[in-house]
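Read the structure below first, then the notes.
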Amino acid sequence: MIGTAWAILRKDLQIELRTKESVPAMALFSVTVFVLFHFGLQRNELEGDLAAGVLWVTLILATVLGVNRLFVAEREQGGIDGLLLAPIDRTSVFIAKASALFLYLVLLEIVAVPAFGILLLGPNLFTPLPTLVLLLVLADIGLASVGALVSALAVETRARDLIVPLLLLPLLVPVTIAGAEATEPLFSGSQAAHELGKWLGLLGLYDMVFLLVSIAVFDFLLED
Amino acid sequence: MYGKGLRTLSIAAAAAMGTALGLVFFYAPLDADQGFIQKIFYVHVPLAIVALFGFMAGGVMGIRYLRSGDRSWDMRSYVAIHLSIVLAVGVLISGSIWAKASWGHWWVWDEPTLVSFLIIFLLYCCYQPLRFSIEDPERQARYAAVFSIIAGAFVPLNFVAVRLAQAFSHPRVLSTTGGNLPGSMRLTFLVSLLAFALLWVTLWKLELTSKNASMQLKRLRRNLEGAFDEQRVPAGAPAPPVGTVPASPRES
């Protein structure tokens, strides 16, 4: 199962490397949103809750772009038939797609977080960076599993581009809550990382629930 | 097959609703702090509880559909979710009225229960667009079931998340210690909870019965038209288009 998942993942990454469709678009989008926030909020520097909110909302919105594209190659080029005909466990398709999205998100954050630090963030980015990385990785697991699931759910519908954000954004509210709440003290300059454990626990719970639910129901989405 | 017991159920629901309203207006004491407006609590909270359980029941019915492949479970799940969305609108409106009366604002963000409810409502609002943008009926049922399961799992998780994020300010009625509700208020509350639960079940059964009946009617009509066409073809005349049948059983 891991072998097939790895094969599908490698294929996805190769397509992404050659077409450069998702990750550059997500990164560019997030930088553009930072610029929008600069003018929308009319601030040159953000800190505390405002900074945490802008960063997380931007990352969540950029995730929508990635989720929109995740199954498009399969659907438009007919690759999905090959996947369905292949004698493989459907769960490996999920694992491959979720891992691909996870990697896209990590790449996105490698660009977007420093860009945020340069463009908008008032306090120094380096001191809270280890905690922030931990939070982002935990959040990415949840985003990737929910995103792969929603992408597979929406790709068959007529109004795919509408269904993805409508479905995904409410599902991601807990991630936004945990991420923004845990990041706020990191960006407000105070060293006291209060209640960090609570939010890490919430993110962990979210990841676990949605990984299990996704693995349980994903088979039904690719069943014809 | 769905109509069985519908009459008894309707009478029970009507009686429970009447009793609940009677208790609310004539038996339950006025709240010392909030006065008359507090009585909206007997509508708002039971509605919310019933709607949430309806959403989760829709998820359980979705699981049963996926396990059995029996389309009637899909129909049950669809009606349960659809009905709970309607109740959820009532929850948000009654909650807003109550918030305006007791806190002076139509919407209060630092009230976790209301906020979680809004998020869940927004999520379930996608159920129908998702469902009806899939054409193949079998796939429609399958995808809707998957959605109902994901969303059903999301309901408790979302409550945990929003509750963690905010300071406690919502009046909790059924806390572990039994709450601070005097006996007469609690009795009234429980009766109206029962009344709304019965109302939900009655409406659910009613809609299932009606959907089932209209599907049967459509089937019969189609058979009848088929019979007509067969009779006409040998007579030599080209069959004129008889009354068209709607293609998909969208909600009426």
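Quick note on labels: first sequence line is chain A, next is B, and so on, each numbered from 1.
If you measure heavy-atom distances from Ala180(A) to chain B, you find no contacts under 4.5 Å at all. With a 4.5 angstrom heavy-atom cutoff, Val213(A) touches chain B only via side-chain atoms. Contact of Gln140(B) with chain A is not made at all, since no heavy-atom distance falls under 4.5 Å.
Leu157(B) is listed as a side-chain neighbour of Phe210(A), based on a closest heavy-atom distance under 4.5 Å.
The residue among Leu149(A), Leu205(A), Leu153(A), Val209(A) with the most heavy atom pairs within less than 4.5 Å of chain B is Leu153(A). Considering only heavy-atom pairs separated by less than 4.5 Å from chain A, the leading option among Leu118(B), Leu130(B), Asn158(B) is Leu130(B). Of the listed residues Ile120(B), Leu123(B), Val160(B), the one with more heavy-atom pairs under 4.5 angstrom with chain A than any other is Leu123(B).
Within 6.0 Å of atom CH2 in Trp107(B), more than 12 heavy atoms from other residues, nucleotides or ligands are found, so the atom counts as buried in its surroundings. Within a 6.0 Å sphere centred on CZ of Phe29(A), heavy atoms belonging to other residues, nucleotides or ligands number more than 12.
Taking 4.5 Å as the heavy-atom cut-off, the residues of residues 161-175 of chain A that approach chain B are Ile163(A), Leu166(A), Leu167(A), Pro170(A), Leu171(A), Val173(A), Pro174(A), ordered by number.
To the nearest 0.5 Å, atom CZ of residue Phe220(A) and atom CZ of residue Arg67(B) are 8.5 Å apart. We find the CZ-OG1 distance between Arg131(B) and Thr157(A) to be 14.0 Å, quoted to the nearest 0.5 Å.
Remark: the backbone N or O of Phe132(B) is paired with a side-chain donor or acceptor of Arg158(A) at under 3.5 angstrom.
In terms of heavy-atom proximity, Ile134(B) sits nearest to Glu156(A) at CG1-O, 4.5 Å. When all heavy atoms of Ile177(A) and Ala161(B) are compared, the pair lying nearest together is CG2-O, 4.0 Å.
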